[in-house]
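Structure first, commentary second.
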Amino acid sequence: MDLLLAALPGEGLPALADSLAAAYGIEAQALEVDLAEAAGLGLLIEEAGRLVRAPVLLVNNAGRGENGAFDTMPVEAHRGTVALNIEATVTLTHALIPILARAAPARIITVASLAAFQPMPLFSIYAASKAFLKSWGLALAEELAPLGITSTVLAPGGIYTNEEVRRKVEAQGLVGRWSTQEPSEVALAALRGAERGRTLVIPGPFNRLVALLSSLAPDALKARAVHARWKWALARTAGPGFAGNRAK
Ligand SMILES: NC(=O)c1ccc[n+]([C@@H]2O[C@H](COP(=O)([O-])OP(=O)(O)OC[C@H]3O[C@@H](n4cnc5c(N)ncnc54)[C@H](OP(=O)(O)O)[C@@H]3O)[C@@H](O)[C@H]2O)c1
């Protein structure tokens with residue numbers, strides 16, 4: 001299908017759009033914008049409204065998150081995560097629902113994470129933002145059904161999307177490797193799930209088992225276990241100077 005792609009400036013998006021257009025004989029438009037800024041988000045909404053052929057799929061993928069102890073990290077980092085993961089996703093989706101409804105049947109895929117299933121000390125804002133997206137996306141599925149729009153929440157474990165992920169996966173040993181997949185596998189699971197109208201897609205049997213066990217355990221216990229695990233894993237990647245690796 002034709003694509004309107006958005007990502008930050010200077011990351012090679014126009015070249016990617018051109019190569020996709022050439023490879024698949026589609027129209028692919030690149031919009032280099034910062035979605036955490038009102039101006040950038042506004043530009044994307046405007047551009048989506050101008051599309052000649054109304055879009056039938058919205059993929060809420062852009063997201064960020066940084067590891068560290070909540071109080072020692074700059075508050076701007078937390079605000080940036082909330083602005084992109086939550087505010088931009090909610091604003092964009094709200095603006096596009098009328099356009100998607102006109103083109104119905106249409107689909108929304110929101111990229112959450114397995115992190116949505118438990119509180120995560122040393123990754124607290126990221127995990128909370130993904131829990132927000134999971135709850136919100138599942139609620140939307142119900143609300144939007146009469147409009148002919150499906151809402152699918154994607155909750156992947158790890159995805160080998162960049163070098164930082166690779167380092168973290170290696171630091172987590174076997175469990176990290178079991179839960180991490182290639183982007184193509186995750187994307188295929190998301191598209192298949194959305195096509196079938198599934199409301200929650202967790203790619204990979206190991207990740208589905210983790211989500212099941214997680215749903216049975218109390219939140220406070222999960223928070224303690226995750227804290228111990230992250231402290232250990234992050235000290236291995238970032239060294240003892242890591243902000244979350246305090247004595248107390
Ligand atoms: N990788 C994992 O292990 C993993 C696991 C579970 C869930 N996820 C989720 O999967 C999604 C994609 O993550 P990723 O691993 O591919 O991360 P990534 O490599 O950092 O890519 C993030 C994507 O979001 C875009 N983006 C980031 N900040 C933006 C901003 N302010 N304005 C516009 N676009 C922005 C990036 O654009 P640029 O290319 O221009 O930087 C990039 O396309 C995220 O929602 C993430 O939380 C990832």
Side-chain angles (χ1 to χ4, degrees), residues 3-17 19-20 28 30-45 47-48 58-67 76-93 108-118 120 123-134 136-137 152-172 175-187 189-190 200-204 206-208 210-211 214 230 233 237:
L3 298 169
L4 170 56
L5 302 168
L8 288 168
E11 299 287 338
L13 193 67
L16 175 67
S19 72
L20 290 171
L31 198 63
E32 296 185 287
V33 285
D34 185 347
L35 295 175
E37 305 272 338
L41 193 56
L43 266 181
L44 175 57
I45 291 169
E47 213 53 53
L58 165 64
V59 183
N60 289 317
N61 173 66
R64 57 169 275 180
E66 285 157 55
N67 285 113
E76 289 73 26
H78 300 320
R79 291 171 61 92
T81 299
V82 171
L84 182 66
N85 297 13
I86 298 181
E87 288 175 23
T89 306
V90 167
T91 308
L92 180 64
T93 306
I108 299 172
I109 297 173
T110 298
V111 183
S113 164
L114 217 50
F117 289 80
Q118 61 276 312
M120 295 188 75
F123 212 13
S124 60
I125 297 293
Y126 177 81
S129 74
K130 294 298 181 179
F132 175 99
L133 291 178
K134 173 163 131 333
W136 167 77
T152 299
V153 174
L154 177 67
I159 319 171
Y160 289 114
T161 49
N162 58 52
E163 271 316 304
E164 194 196 337
V165 172
R166 241 170 240 285
R167 258 188 298 116
K168 281 189 194 165
V169 170
E170 287 309 314
Q172 288 183 46
V175 172
R177 285 200 288 281
W178 282 343
S179 73
T180 306
Q181 295 169 289
E182 291 299 331
S184 55
E185 288 175 79
V186 176
L200 179 64
V201 172
I202 303 171
F206 179 75
N207 293 329
R208 284 194 284 280
V210 170
S214 192
W230 272 109
T237 44

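The structure displayed is predicted, hence computed values, not measured ones. Computed from heavy atoms alone, side chains included, the values below leave out hydrogens, waters and symmetry copies. One-based numbering along the sequence shown. Each ligand, and each atom within it, is numbered from 1 in the order the structure gives.
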Item checked: Closest approach of any protein heavy atom to atom 36 (C) of ligand 1, naming residue and atom -> Ala7 CB, 4.5 Å

Notebook entry, point to check: Is there a nitrogen or oxygen of Tyr126 sitting under 3.5 Å from a nitrogen or oxygen of ligand 1?
Noted result: yes

Next item on the list: Under 4.0 Å from a heavy atom of Leu35: give me the atoms of ligand 1 that qualify, with their elements.
Entry: 30 (C), 31 (N), 32 (N), 33 (C)

Note to self: For the CZ atom on Arg64, are there more than 12 heavy atoms of other groups (residues, nucleotides or ligands in this structure) within a distance under 6.0 Å?
What the structure shows: yes

Notebook entry, point to check: Just to confirm, does any protein heavy atom lie below 4.0 Å from atom 13 (O) of ligand 1?
Noted result: no

Checklist line | Gly158: numbered ligand 1 atoms lying under 4.0 Å from its heavy atoms | finding: 3 (O)

Next item on the list: Verify side-chain contact (heavy atoms from CB on, under 4.5 Å) between Trp230 and Met120, making sure each step is shown before the conclusion.
Entry: CA-CA 9 Å; Trp230 272 109; Met120 295 188 75; 2.8 Å; yes

Checklist line | Nearest protein heavy atom with distance in Å, relative to atom 25 (C) of ligand 1 | finding: Ala62 CB, 3.9 Å

Notebook entry, point to check: Judging by distance only, is a nitrogen or oxygen of Asn162 under 3.5 angstrom from one on ligand 1?
Noted result: yes

Checklist line | Close-contact set for ligand 1 against Val165 heavy atoms, below 4.0 Å | finding: 1 (N), 3 (O)

Note to self: Geometry only, no angles: is Leu8 polar-contacting ligand 1 at N/O separations under 3.5 Å?
What the structure shows: yes

Item checked: Reported OG1-to-NZ distance for the pair Thr110 and Lys134, which is rounded to 0.5 angstrom -> 13.0 Å

Notebook entry, point to check: Would you say the side chain of Phe132 lies within less than 4.5 Å of the side chain of Asn85, judging by non-hydrogen atoms?
Noted result: no

Note to self: Suppose I only count heavy atoms of Gly63 and a 4.0 Å limit; which atoms of ligand 1 are within that range?
What the structure shows: 22 (C), 24 (O), 44 (C), 45 (O)

Item checked: Test side-chain contact (heavy atoms from CB on, under 4.5 Å) applied to Arg177 and Glu170, step by step -> CA-CA 7 Å; Arg177 285 200 288 281; Glu170 287 309 314; 3.4 Å; yes

Next item on the list: For residues Asn207 and Gln181, determine if any side-chain heavy atom of one lies less than 4.5 Å from a side-chain heavy atom of the other.
Entry: yes

Note to self: For Leu154, run the side-chain contact (heavy atoms from CB on, under 4.5 Å) check against Asn60, Leu133, Val111 and tell me which one passes.
What the structure shows: Val111

Checklist line | Proximity flag Val33 to ligand 1, non-hydrogen atoms under 4.0 Å | finding: yes

Margin query: Does the residue Lys130 have a heavy-atom contact with ligand 1, meaning some pair of atoms that are separated by less than 4.0 Å?
Written below: yes

Checklist line | Closest protein heavy atom (residue, atom, distance) for atom 15 (O) of ligand 1 | finding: Thr161 OG1, 2.5 Å

Checklist line | Side-chain heavy atoms of Thr180 within contact of Phe206, under 4.5 Å | finding: no

Margin query: Under a 4.0 Å threshold between the charged nitrogen and the carboxylate oxygen, would Glu164 count as salt-bridged to Arg166?
Written below: no

Notebook entry, point to check: Who's the nearest protein heavy-atom neighbour of atom 31 (N) of ligand 1, and how far?
Noted result: Asp34 OD1, 2.7 Å

Next item on the list: List every atom of ligand 1 that sits less than 4.0 Å from any heavy atom of Glu11, numbering the atoms from 1 in the order shown and giving each element.
Entry: 38 (P), 39 (O), 40 (O), 41 (O)

Next item on the list: Could you list the atoms of ligand 1 found under 4.0 angstrom from a heavy atom of Ser113?
Entry: 6 (C), 7 (C)

Notebook entry, point to check: Does the protein put a heavy atom less than 4.0 Å from atom 40 (O) of ligand 1?
Noted result: yes

Next item on the list: Run the contact test for Tyr160 against ligand 1 with a 4.0 Å cut-off on heavy atoms, strictly below, and give the result.
Entry: no

Next item on the list: Please could you name the atoms of ligand 1 that Gly157 approaches to less than 4.0 Å, counting only its heavy atoms?
Entry: 5 (C), 6 (C)

Margin query: Would Ala112 count as a contact residue for ligand 1, given that I'm defining contact as a non-hydrogen atom of the residue lying under 4.0 Å from a ligand atom?
Written below: yes

Check: For atom 28 (N) of ligand 1, what is the nearest protein heavy atom, given as residue, atom name and distance?
Finding: Leu84 CD2, 3.3 Å

Next item on the list: Identify, by atom number and element, the atoms of ligand 1 in contact range of Pro156, meaning under 4.0 Å from any of its heavy atoms.
Entry: 6 (C), 7 (C)

Checklist line | Residue pair Glu185 / Glu182, side-chain heavy-atom distance below 4.5 Å | finding: yes

Next item on the list: Would you name the heavy atoms of Gln118 and Ser214 that are closest together and state the gap between them?
Entry: OE1-OG, 3.1 Å

Next item on the list: Please report the closest heavy-atom contact between Pro156 and Ala112, naming both atoms and the distance.
Entry: CD-O, 3.7 Å

Checklist line | Option nearest atom 44 (C) of ligand 1 (shortest heavy-atom distance, choices Val111, Leu13, Asn61) | finding: Asn61

Notebook entry, point to check: Under the 6.0 Å and 45° cation-pi test, does Lys168 pair with Tyr160?
Noted result: no

Next item on the list: Indicate yes or no for a side-chain donor-acceptor contact from Glu32 to the backbone of Ala7 under 3.5 Å, with no hydrogens or angles considered.
Entry: no

Next item on the list: Determine whether the side chain, the backbone, both or neither of Ile159 has a heavy atom under 4.0 Å from any heavy atom of ligand 1.
Entry: both

